[in-house]
Amino acid sequence: MGRDTIAEIITSIRNADMDKKRVVRIESTNIAENIVQILLQEGFIENVRKHREKEKNFLVLTLHHRRNRKRFSRNFLNLKRISRTGLRIYSNSQRIPRILGGMGIVILSTSRGIMTDREARREGIGGEILCYIW
């Protein structure tokens, strides 16, 4: 059975955020680089750098550091995988969902590459809904 790289990215970031870690290391693929670039542009992560170790490339993400966190605080970053290997979810440009009234983002895989819901609506194209981030 194949690996779901998008689910691995989301799970790694979510686990690091829940464990209050500042740095996450994920394996570098084209899809991973595109998703991480969107997260960086939208302000969900602070920094990204590439790292090479034993013939493998990795992306090292720096999450936002949250001061003044209480013991029972909510997570800063919420990610949810929508379309998966066994069940693909597609949407046209008019039916792309809005997360928290536009506060969150939807990442789509379109014919023009991986992009956010705002970019897809602006260009008038739909695609496969990969994940929600809020």
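Hydrogens, waters and symmetry mates play no part in the numbers below; they use all other heavy atoms, side chains included. This chain uses plain numbering: 1 for the first residue, then up along the sequence.
- When side chains are defined from C-beta on, Asp117 counts as touching Ile105, because their heavy atoms get closer than 4.5 Å.
- Put simply, OG1 on Thr85 and CZ on Arg3 are 12.0 Å apart, with the number rounded to the nearest 0.5 Å.
- Atom CZ of Arg49 sits about 10.5 Å away from atom CZ of Arg25, to the nearest 0.5 Å.
- A distance of 9.5 Å separates CG of Asn15 from NZ of Lys21, quoted to the nearest 0.5 Å.
- No side-chain heavy atom of Asp17 sits under 4.5 Å from any side-chain heavy atom of Arg14.
- No chain of hydrophobic side-chain contacts below 4.5 Å, direct or via other Ile, Leu, Val, Met, Phe, Trp or Tyr residues, connects Ile125 to Leu108.
- In plain terms, the two heavy atoms of Phe44 and Trp134 that are nearest each other are CE2-C, 4.2 Å.
- For the side-chain contact (heavy atoms from CB on, under 4.5 Å) with Cys131, the lone residue among Ile107, Ile9, Leu79 that qualifies is Ile107.
- Alongside Tyr90, the hydrophobic cluster contains no other residue (criterion: ILVMFWY side chains under 4.5 Å).
- Qualifying side chain to side chain donor-acceptor pair (under 3.5 Å) partners for Gln41, counting only residues two or more places apart in sequence or in other chains: none.
- Residues Arg81 and Asp4 meet the side-chain proximity criterion, which asks for heavy atoms closer than 4.5 Å.
- Residues Ile129 and Pro97 are in side-chain contact: their nearest non-hydrogen atoms beyond the backbone lie under 4.5 Å apart.
- To the nearest 0.5 Å, atom CZ of residue Arg22 and atom CG of residue Asn47 are 9.0 Å apart.
- If you chain together hydrophobic residues whose side chains sit under 4.5 Å apart, Tyr132 and Met103 fall into the same group.
- The CD1 atom of Ile31 lies 4.5 Å from the OG1 atom of Thr5; values are rounded to the nearest 0.5 Å.
- Alongside Phe58, the hydrophobic cluster contains no other residue (criterion: ILVMFWY side chains under 4.5 Å).
- Looking at heavy atoms from C-beta onward, Lys50 lies in side-chain contact with Leu59 at the 4.5 angstrom threshold.
- In the hydrophobic clustering of this structure, Val60 does not group with Ile45; members are Ile, Leu, Val, Met, Phe, Trp, Tyr whose side-chain heavy atoms approach within less than 4.5 Å, directly or through other members.
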Derivation and outcome, side chain to side chain contact (heavy atoms under 4.5 Å, CB included), residues Asn34 and Gln37
CA-CA 5 Å; Asn34 290 333; Gln37 190 63 35; 5.7 Å; no
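- Ile26 has its side chain out of reach of Glu8: every pair of non-hydrogen atoms, C-beta onward, lies at least 4.5 Å apart.
- Looking only at distances, no side-chain donor or acceptor of Arg52 sits under 3.5 Å from a matching main-chain atom of Asn57.
- Residues Val23 and Leu77 do not share a hydrophobic cluster, clusters being chains of Ile/Leu/Val/Met/Phe/Trp/Tyr side chains in contact below 4.5 Å.
- At most 12 heavy atoms of other shown residues, nucleotides or ligands fall within 6.0 angstrom of atom CG in Asn30.
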Going through the distances and angles, do Met115 and Arg122 end up as a side chain to side chain contact (heavy atoms under 4.5 Å, CB included)?
CA-CA 11 Å; Met115 61 178 64; Arg122 188 175 338 123; over 6 Å; no
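- Contact between Ala32 and Glu27 at its shortest, heavy atoms only, is CB-O, 3.8 Å.
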For Leu39 and Ile13, what are the C-alpha separation, side-chain angles and deciding distance, and is it a side chain to side chain contact (heavy atoms under 4.5 Å, CB included)?
CA-CA 11 Å; Leu39 291 174; Ile13 294 172; 3.8 Å; yes
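- Rounded to the nearest 0.5 Å, atoms CD1 (Ile10) and CD1 (Ile35) are 6.5 Å apart.
- Counting non-hydrogen atoms of other residues, nucleotides and ligands closer than 6.0 Å to CZ of Arg118 gives a total above 12.
- Across all non-hydrogen atoms, the minimal contact from Ala120 to Ser93 is O-CB, 4.4 Å.
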